[in-house]
Amino acid sequence: MLVVPEGAEATLSPRRVLVGWDSRVEASRSVREALDLLADAEEVRVALVDPEATCTGKDTEPGADIAAYVTRHGARGSVDLLASAGKWAATVLAQHAIDTSADMRAWALMATAGYVSDSSAA
């Protein structure tokens, strides 16, 4: 799902994209479908919320697999590890998008993980 922050102009050429990542099939599919958009962005930030609890990748560093994948496909990416502090993942990601001035957010619909619980993702 692609989300444009409130007050921002919708564009298919965003400068800064925030990708919510949790190593699930839905997240992989979302990133794969958005590769052209990600490759054209100036900055792609892959954010993991409580990665030790939610990610099952085989890498020792959470997010290393997806960072390598988007980089291999031409995106300029970095990984942000975020603590939820008891908040829904969607709330943490929405705040991080504001903090990083993301023009667009990309994440899979994962209601069970709390990714679509806040109004900014609706």
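- Atoms CD1 and CG, on Ile66 and Asp22 in that order, are 10.5 Å from each other to the nearest 0.5 Å.
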Item to complete: Please lay out, stage by stage, how Glu43 and Arg76 fare under the test side chain to side chain contact (heavy atoms under 4.5 Å, CB included).
Response: CA-CA 5 Å; Glu43 177 184 24; Arg76 290 157 294 285; over 6 Å; no

Practice prompt. Would you check, one step at a time, whether the test side chain to side chain contact (heavy atoms under 4.5 Å, CB included) holds for Trp21 with Val79?
Written response: CA-CA 10 Å; Trp21 181 254; Val79 176; over 6 Å; no

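- Summarising the local packing, CG of Asp99 is surrounded by more than 12 heavy atoms from other residues, nucleotides or ligands at distances under 6.0 Å.
- To the nearest 0.5 Å, atom CZ of residue Arg45 and atom CG of residue Asp80 are 4.0 Å apart.
- Between the CZ atom in Arg32 and the CG atom in Leu38 there is a gap of 12.5 Å [rounded to 0.5 Å].
- For the pair Glu26 and Val31, the minimum side-chain heavy-atom distance is 4.5 Å or more.
- Between the side chain of Asp50 and the backbone N or O of Ala83, no donor-acceptor pair lies under 3.5 Å.
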Practice prompt. Carefully, step by step, assess Val17 and Asp103 under the rule side chain to side chain contact (heavy atoms under 4.5 Å, CB included).
Written response: CA-CA 6 Å; Val17 179; Asp103 300 318; over 6 Å; no

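- The CG atom of Leu37 sits 5.5 Å away from atom CE of Met104, with the distance rounded to the nearest 0.5 Å.
- Counting all heavy atoms, side chain and backbone alike, Asp65 lies closest to Ser23 at OD2-OG, 4.4 Å.
- Closest of all the heavy-atom pairs between Pro51 and Leu81 is CG-CD2, 3.9 Å.
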Worksheet item: Should Val44 and Val19 be marked as a side chain to side chain contact (heavy atoms under 4.5 Å, CB included) after you check the CA-CA gap, both sets of side-chain angles, and the distance that decides it?
Response: CA-CA 7 Å; Val44 176; Val19 176; 4.0 Å; yes

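- The shortest side-chain heavy-atom distance between Leu18 and His96 falls under the 4.5 Å cut-off.
- A search for salt bridge (Lys or Arg N to Asp or Glu O under 4.0 Å) contacts involving Glu42 returns Arg15, not counting sequence neighbours.
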